S.K.: 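Sharing a structure, written as structure tokens. Questions coming.
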Amino acid sequence: MSLRTPVTYLALSYVWGDATQQIPIRLEGENHCRDPNSRPVTIRKNLGAFLHFLRCNYDMILRHIGKGMELRLWADAICINQEDLDERTSQVRMMKNIFESAEHVLAWLGPDDADIEPGVLKMLEVHKIRPGARVWDAADMSSELTQFFRHELNTDFAGGWKSLRAFYDLEHWARIWVHQECCLDVPTTFICATHLLPREMLLDLYHILEEADALGVAPNILPSNTSLLSIFNAIEERHIFARDSPEYSLVRTAFTKQHCAATDPRDKVYAIVGLANDCENSAFLQIDYNRPVAEVYRDVVLHDFYTNMSFGWLAFAGPPESSNLSLPSWVPDWSYRHSGNLPFPMVKSLEEDDGAPKDLSYRASSNMDTVDAPKRWPPRGSEFKKQFLRLRAHCVGRLVEQRPLPVAEAGRCALDELPYRNGSGAYTPSSESFCEAFLRTITADVLIENGYLEEHLSHLEPGADLVGIVQSASPTESERRRRDAYESLYSATYKRSLVFTDTGYMGLAPEYAQTEDTIWMFLGAPVFYVLRETGTRTNPWEEPEYTFIGEAYIHGLMDGEALAVVEVDRAQLQQIVVR
């Protein structure tokens, strides 16, 4: 059947489930005539449970959809020959169109479950407080919620509300394909047991629980499941995917979905191509299940570098865990389910300045007009090979000292251990006091007002929980400013160490960096990078080879100062190889 053919069908989103639990079914032909010689098709148990539900509740689903139609269903396990890689490739290339062309998407969460049923009933009960809760009168809503939850907490919190946690933890939410299937602009209904839950209702419920949590009448009631929260956010912001925002690039989307599960590791890329806003007509992203996983992941790098003219993918590369894919150190391994072992990307966001956006992005060497005139991309000397990356770069120093930052561990701050209290004198590279330079370093210079962070640090007690403070801050101006200070401190120092170089600079580097590692400026990149020499060079005239370690912030060099050195002395630029 062609998607150009005007036919009405429903698309099914579901979890495949245990491969050992298989059941046979028979498929009828177009004239509903069963071929007595046809062999049964084998499907997994979870899909079989849905087909049984569909047979028993056919009329209810048609009433819910509001259509009098002959029901056609698209389910990948039946409609795609999974053993034929060529067919699978061609169908997955059309996956976004298949779901966008459907009359309705049904998301099957599973059959009757005694552990979940009370939680679903609680959701339906809460939703009655204020259907369409995204638009409410704050005072009325607060009063209704307070009254409702005070009664609930005194009567049945251990019952239905405990079951709500089981709903949050359903396997369905962790499946990476769900993020595309349920976030497109198509009417979508989630089916749990015998309950039909429209997507908008789940969003309304989430907003109600957000409000209850903010009011303090139902603490800890929000889902903590990263996958479910990611789906809620993606559904709410699905109109943004078409906008020209780096937040929805393929690389950033791959990172935010890294906690999701996929049976085939290539799907960690292929399942999000339809969600990212920079993949249309990409020369580097050809869905093909015949290709090795390592090549697919490398294609993401090539796509980001050449299409977006960006080094952004390097924020997610590095050696915190060993990979079994034989990837170069500069290629992120998207097959990992996100374990929090990487630092947060070293980026500055846009801030409002008198109502107008103010670009605070780092510019370590991203303004290349001073070296390459006119500005060009890719930077001169850049070259990708299968197992290595060749770049023109400038070394700004070697790590000679590393100090752990106690603000990083679990978001807690041991204030007395912060070394700035013992710092005195000047920070030579930027002509600041050491104390001021240190405070700007540990927030990666996100907070630029003098005394801003120091003022708020004075309120912290030793062992303070930064994450808890950020999440619980009231929306007053002073609390917002304090929250921003702590959030910047936490984001900049998580999984990073304070480092000093042999050239007199102070900065932040991944905690798994080591003394004798070197700090480099890549021509065209906004930040600095830590590299470790491989020691494989046998002759001095050979290009030095390195392993990629991670991003670095070097205070006093983030606004192009190192590029100015290169402009004066081109010999400072070296051709290096990163493997």
Side-chain angles (χ1 to χ4, degrees), residues 96 176-180 182-184 226-260 262 265-282 284-285 287 296-318 320 327 330-351 357 359-362 366 377 444 446 487-488 490-492 494-495 510 522 524-527 529 548 550-551 553:
K96 181 181 179 182
I176 192 157
W177 279 106
V178 167
H179 290 252
Q180 175 173 274
C182 297
C183 297
L184 297 173
T226 306
S227 296
L228 181 55
L229 289 173
S230 179
I231 290 175
F232 279 148
N233 291 334
I235 292 172
E236 185 125 73
E237 300 172 358
R238 61 187 182 272
H239 61 284
I240 298 178
F241 289 129
R243 296 182 181 176
D244 185 18
S245 168
E247 290 299 310
Y248 298 98
S249 68
L250 179 66
V251 164
R252 297 286 294 192
T253 305
F255 174 68
T256 59
K257 309 300 182 189
Q258 201 168 357
H259 54 271
C260 297
R266 286 166 289 209
D267 285 338
K268 297 297 285 286
V269 173
Y270 293 162
I272 61 171
V273 167
L275 289 178
N277 64 3
D278 60 345
C279 296
E280 189 173 356
N281 302 320
S282 172
F284 303 98
L285 297 174
I287 294 176
V296 174
Y297 289 4
R298 180 176 167 274
D299 285 349
V300 176
V301 169
L302 296 177
H303 166 79
D304 197 48
F305 184 76
Y306 288 106
T307 303
N308 298 326
M309 298 188 291
S310 169
F311 281 93
W313 87 89
L314 286 173
F316 314 111
L327 293 170
W330 44 272
V331 175
D333 186 351
W334 304 116
S335 67
Y336 285 129
R337 299 214 38 201
H338 182 55
S339 57
N341 282 354
L342 285 172
F344 292 109
M346 189 70 73
V347 295
K348 277 189 176 182
S349 58
L350 293 176
E351 292 191 356
D359 187 356
L360 297 177
S361 301
Y362 301 118
S366 53
W377 196 273
V446 170
E487 189 168 19
S488 298
Y490 177 64
S491 298
Y494 178 75
K495 294 294 180 180
F522 295 171
V527 299
Y529 302 98
F548 182 81
E551 292 184 317
Y553 170 90

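All values below come from the heavy atoms of this structure, side chains included, with hydrogens, waters and symmetry mates left out. Small disclaimer: the values here were computed from a predicted structure and weren't measured.
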S.K.: Please report the interatomic distance CG(Leu275) to CG(Leu184), rounded to the nearest 0.5 Å.
M.R.: 6.5 Å

S.K.: Would a 4.5 Å heavy-atom cut-off, applied to side chains only, mark Arg252 and Thr256 as touching?
M.R.: no

S.K.: To check you understand the geometry: which heavy-atom pair defines the closest contact between Phe316 and Pro345, and what is its length?
M.R.: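 Taking Phe316 first and Pro345 second, the nearest heavy atoms are CE2-CG, 3.4 Å.
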
S.K.: Is Ser249 close to Asn308 at the side-chain level, that is, under 4.5 Å between some pair of heavy atoms?
M.R.: yes

S.K.: What residues form a side chain to side chain donor-acceptor pair (under 3.5 Å) with Ser282, not counting sequence neighbours?
M.R.: His303

S.K.: Holding to ring-ring contact (aromatic ring centres under 6.0 Å, His included), I want the full list of residues that pass it with Trp177, two or more places apart in sequence or in another chain.
M.R.: none

S.K.: Test of understanding: with ring-ring contact (aromatic ring centres under 6.0 Å, His included), list the residues that count as partners of Phe284, not counting sequence neighbours.
M.R.: Tyr306

S.K.: I would like to know whether Ile272 and Leu250 meet side chain to side chain contact (heavy atoms under 4.5 Å, CB included); could you show each step before the answer?
M.R.: CA-CA 7 Å; Ile272 61 171; Leu250 179 66; 3.8 Å; yes

S.K.: Under the salt bridge (Lys or Arg N to Asp or Glu O under 4.0 Å) rule, collect the residues that match up with Arg298, sequence neighbours excluded.
M.R.: none

S.K.: Take the angle between the ring planes of Trp313 and Phe311 and call it parallel below 30°, perpendicular above 60°, tilted in between.
M.R.: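 Rings of Trp313 and Phe311: parallel, as their planes differ by under 30°.
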
S.K.: If you take all heavy atoms of Ala271 and Ile176, which pair is closest and at what distance?
M.R.: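 Ala271 and Ile176 have their closest heavy atoms at CB-CG2, 3.8 Å.
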
S.K.: Once you measure the plane-to-plane angle for Trp377 and Phe305, does it fall in the parallel (<30°), tilted (30-60°) or perpendicular (>60°) bin?
M.R.: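 Judged by the thresholds at 30° and 60°, the geometry between Trp377 and Phe305 is tilted.
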
S.K.: Are any non-hydrogen side-chain atoms of Trp334 and Val296 less than 4.5 angstrom apart?
M.R.: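 Trp334 does not reach Val296 side chain to side chain.
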
S.K.: Could you pull out all residues at least two apart from Asp267 that satisfy salt bridge (Lys or Arg N to Asp or Glu O under 4.0 Å)?
M.R.: none

S.K.: Could you list the residues that satisfy ring-ring contact (aromatic ring centres under 6.0 Å, His included) with Tyr529, not counting sequence neighbours?
M.R.: Phe522, Phe548

S.K.: Looking at Lys268 and Ser335, what are the two nearest heavy atoms and their distance?
M.R.: NZ-O, 3.8 Å

